[in-house]
Amino acid sequence: MNLYNETMDILRKYKISANKRLGQNFLINEDTIEGIIEAAEVGKEDLVIEIGPGLRKLNQKIAR
């Protein structure tokens, strides 16, 4: 299952929606997530705190 479909399934299951007025959105593109991780240059000894983690997709990738 791709990230978009997985995200949509979770949103439907828990009746979650983004409030665009508040600028809320969800990361649904693997390339974008990989780009963020690459640009951050996070190492195994770094402490990472994700503010407003949403569905934890970025955290899940960083933790690997």
Side-chain angles (χ1 to χ4, degrees):
M1 178 180 301
N2 67 35
L3 187 54
Y4 174 79
N5 290 335
E6 181 182 338
T7 300
M8 294 308 292
D9 286 347
I10 292 169
L11 295 177
R12 279 190 285 271
K13 179 178 180 180
Y14 295 104
K15 297 180 177 118
I16 299 170
S17 62
N19 186 333
K20 296 204 186 265
R21 186 176 63 85
L22 299 176
Q24 296 173 327
N25 55 70
F26 298 98
L27 284 172
I28 58 171
N29 183 295
E30 291 282 350
D31 292 334
T32 301
I33 292 172
E34 293 299 328
I36 291 169
I37 293 169
E38 185 177 316
E41 297 180 355
V42 176
K44 291 196 180 283
E45 299 299 317
D46 293 324
L47 172 65
V48 177
I49 300 172
E50 186 177 0
I51 305 299
L55 302 177
R56 305 178 328 270
K57 297 304 175 187
L58 185 58
N59 274 342
Q60 288 172 342
K61 292 280 188 170
I62 289 173
R64 291 184 184 160

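For reference, positions follow the sequence shown, starting with 1. Note: hydrogens, waters and symmetry copies are ignored here, and every other heavy atom, side chains too, is used.
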*Cluster check Leu22, Ile16: I/L/V/M/F/W/Y, side chain < 4.5 angstrom*: no
*Could you grab the distance from atom CD1 of Ile49 to atom CG of Leu47, nearest 0.5 Å is fine?*
4.5 Å
*Can you sort out the partners of Gln60 under side-chain hydrogen bond (donor to acceptor under 3.5 Å, both in side chains), two or more places apart, ordered by chain and number?*
none
*Does the pair Asp46 and Ile62 meet the rule for a side-chain contact (heavy atoms from CB on, under 4.5 Å), with working shown?*
CA-CA 10 Å; Asp46 293 324; Ile62 289 173; over 6 Å; no
_Using the side-chain hydrogen bond (donor to acceptor under 3.5 Å, both in side chains) criterion, which residues pair with Gln24? Sequence neighbours excluded._
none
*asked:* To the closest 0.5 Å, what do you measure between CG (Asn19) and CG (Asn25)?
replied: 11.5 Å
_Out of the candidates Ile33, Val42, Ile36, only one should pair with Lys61 under the side chain to side chain contact (heavy atoms under 4.5 Å, CB included) rule; please name it._
Ile33
*asked:* Rounded to the nearest 0.5 Å, what separates atom CG in Asn29 from atom NZ in Lys57?
replied: 13.5 Å
*asked:* So if I apply the side chain to side chain contact (heavy atoms under 4.5 Å, CB included) rule between Leu55 and each of Leu3, Leu11, Ile28, Leu27, which one comes out positive?
replied: Leu11
*With sequence neighbours excluded, residues passing side-chain hydrogen bond (donor to acceptor under 3.5 Å, both in side chains) with Arg12*: Asp9
